[in-house]
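What follows is one structure encoded as structure tokens, with my remarks underneath.
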Amino acid sequence: MYKNEGLSQKVVKTFQNIIYSYFKQYGREFPFRKEISPYNVVISEMMLQQTQTNRVAEKFQQFIRAFPDFQALANAPFNDVLKAWQGLGYNRRAVALKAIAEKVISEFDGVLPADVEVLKTFPQIGHNTASSIVAFAFNIPTFFVEVNIRRVYIYFFFPGKSSVRDNLIIPIVRKTLDRSNVRKWYYALMDYGVMLKKTHPELTKKSAHYRKQSKFKGSTREIRGNILKLLLENKSLMESELIKKLKINPELLSEILSLLIKEGFIKQEDNQYSIA
DNA sequence: CTCCGGTAGT
DNA sequence: ACTACCGGAG
């Protein structure tokens, strides 16, 4: 629709108007867009990594009710945090979230830094998450791309192109950002991208960064999830009990258990495994 | 069965 | 550049 080069003031304005007029009519409402605080934004953005918004919405409310602020999360037993996380997947985010809360308390006087580079030093917070936290929590300009935003820019600025790299998209994100309302702009951009997924599903694959996911069934991801679920239900279990319940090759189980220990999920005390 | 997705490690 | 990491919806 528009040429990448040039990007006149008028083109930027037109683009913004298209995105905003869609948002005005069809913008999505979420609990994590209603009650905005640095803490709530950190929780929701961590949950939203690799996880659909509808699944996050309910878990988010339960989570912030159980752990209302950085101090509460830092003080909470890891077992409780992991339990509250069940259903979201990628449990290492729960480990990270508690570590993030502890770091905010111990190194930043309980106040979340409004700085992308500083946030990137926190566990499981990369460029995108750091940028979205600063944008949504503080309404401060940042520049980032995720799948929905990617679709929007490929659709408007790279029509017919494939293997579009993010380093071509980011400069356009910079030029088209509505600096007068960063938070609303990124909400609108993402919502437009979600709509495009339905009307133009092929756009996702036009990114150079698109990857087809590997099978879940029979994977170690599945086994890891099942081990943690069992240990949340049973307090502690012996290796032999886990072998029985999971019907798994003992050598594979033993490998996975030592990784789970190393990653801070579980601990081993005289032959009994339990949540760390 | 297939689809989705950001970070970190290699 | 490639892969491991999860769980739910369709």
Side-chain angles (χ1 to χ4, degrees), chain A residues 32 41-60 62-63 81-100 103 116-117 119-136 142-152 154 163-167 169-170 173 186 190 193-198 200-233 246 252 255-266:
Chain A
F32 45 83
V41 170
V42 168
I43 301 303
S44 57
E45 288 306 316
M46 288 297 291
M47 287 183 170
L48 288 162
Q49 292 175 0
Q50 307 297 102
T51 308
Q52 291 89 339
T53 48
N54 54 352
R55 282 168 56 202
V56 167
E58 193 179 345
K59 289 284 175 186
F60 167 75
Q62 295 167 357
F63 196 95
V81 178
L82 193 55
K83 199 165 257 178
W85 194 265
Q86 289 307 287
L88 286 169
Y90 291 117
N91 293 293
R92 56 171 50 145
R93 291 180 295 166
V95 178
L97 215 35
K98 206 177 140 45
I100 289 167
K103 182 161 171 163
V116 170
E117 291 312 310
L119 288 172
K120 280 161 78 169
T121 68
F122 286 63
Q124 282 305 123
I125 295 184
H127 180 76
N128 290 353
T129 305
S131 303
S132 57
I133 289 171
V134 170
F136 293 135
T142 60
F143 311 97
F144 67 100
V145 167
E146 46 73 82
V147 282
N148 299 304
I149 295 173
R150 220 175 246 157
R151 261 196 300 275
V152 176
I154 291 175
S163 283
V164 181
R165 304 189 56 82
D166 285 349
N167 57 19
I169 294 178
I170 283 288
V173 171
Y186 276 118
M190 288 173 171
V194 169
M195 179 272 288
L196 283 178
K197 175 163 56 181
K198 293 165 194 155
H200 299 76
E202 75 286 356
L203 282 173
T204 309
K205 295 176 178 61
K206 302 291 184 183
S207 167
H209 311 284
Y210 171 77
R211 289 282 171 273
K212 192 169 160 53
Q213 100 285 16
S214 58
K215 287 228 182 312
F216 175 64
K217 199 76 192 138
S219 68
T220 57
R221 306 205 297 285
E222 183 180 33
I223 299 166
R224 285 165 58 105
N226 288 148
I227 292 171
L228 294 183
K229 195 187 291 180
L230 281 172
L231 291 179
L232 284 169
E233 289 163 359
L246 295 164
L252 177 58
E255 265 177 49
I256 295 175
L257 284 174
S258 40
L259 270 174
L260 286 173
I261 291 170
K262 196 173 146 201
E263 293 174 36
F265 285 105
I266 64 175

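Every chain is numbered from 1, with letters handed out A, B, ... down the list of sequences.
Atom CG of A:L48 and atom C1' of B:dT7 are 15 Å apart (whole Å). Regarding A:N91, its CG atom lies at a distance of 18 Å from the P atom of B:dG6, rounded to whole Å. Rounded to a whole Å, the CG atom of A:L203 is 12 Å from the P atom of B:dG5. Between the P atom of B:dG5 and the CD atom of A:E45 lies a distance of 15 Å, rounded to the nearest Å. In this structure, the NZ atom of A:K205 is 13 Å from the P atom of B:dT2, given to the nearest Å. Following rounding to the nearest Å, A:N54 (CG) and B:dG5 (C1') show an atom-to-atom distance of 13 Å. Between A:L119 atom CG and B:dG6 atom P there is a gap of 17 Å when expressed in whole angstrom units. Rounded to whole Å, the distance from NZ on A:K215 to C1' on B:dG5 is 17 Å.
Checking side-chain atoms of A:T51 against main-chain N and O of A:Q49 turns up a donor-acceptor pair under 3.5 Å. Of the possible polar contacts, none joining the A:R150 side chain to the A:V145 backbone as a donor-acceptor pair under 3.5 Å is found. In terms of modelled atom types and a separation under 3.5 Å, the side chain of A:S207 and the main chain of A:T204 share no donor-acceptor contact.
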Scan nucleotides 8-10 of chain B against the protein and return all N/O pairs shorter than 3.5 Å with their distances rounded to 0.1 Å.
unit_1	atom_1	unit_2	atom_2	d
B:dA8	OP1	A:Q124	N	2.7

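In terms of position on DNA chain B, the residue among A:Q52 and A:N128 whose nearest nucleotide sits closer to the 5' end is A:Q52. Of the two residues contacting DNA chain C, namely A:R165 and A:S214, the nearest-nucleotide position lying further toward the 5' end is that of A:R165.
With respect to the salt-bridge test (charged N to carboxylate O, under 4.0 angstrom), the residues A:E202 and A:K197 do not qualify. For A:K120 and A:E117, the salt-bridge test passes: some basic side-chain N is under 4.0 Å from an acidic carboxylate O.
Of the candidates B:dT2, B:dC4, B:dG6, the closest approach to any side-chain atom of A:Y210 belongs to B:dC4.
For the atom pair CZ (A:R93) and CD (A:Q124), the distance works out to 8.5 Å, reported to the nearest 0.5 Å.
At the heavy-atom level, A:E222 lies nowhere under 4.0 Å from the strands shown.
The side-chain hydrogen bond (donor to acceptor under 3.5 Å, both in side chains) with A:S132 is formed by just one residue from the set A:E146, A:E45, A:H127; it is A:E45.
Contacts between chain A and DNA chain C, taken as any atom within less than 4.0 angstrom of a protein heavy atom, begin and end at C:dA1 to C:dG8.
When ring centroids are compared, A:F144 and A:Y186 come within the 6.0 Å threshold.
A donor-acceptor contact under 3.5 Å is formed by the side chain of A:Q50 with the base of B:dG5.
Between B:dC1 and A:K217, no contact under 4.0 Å exists linking OP1 or OP2 to a side-chain N or O. At the phosphate of B:dC3, OP1 or OP2 sits under 4.0 Å from a side-chain N or O atom of A:K212.
Residues A:W85 and A:L97 have side chains in contact (heavy-atom distance under 4.5 Å, counting atoms from C-beta outward).
Taking a 6.0 Å sphere around CD of A:E58, one finds it holds 12 or fewer heavy atoms contributed by other residues, nucleotides or ligands.
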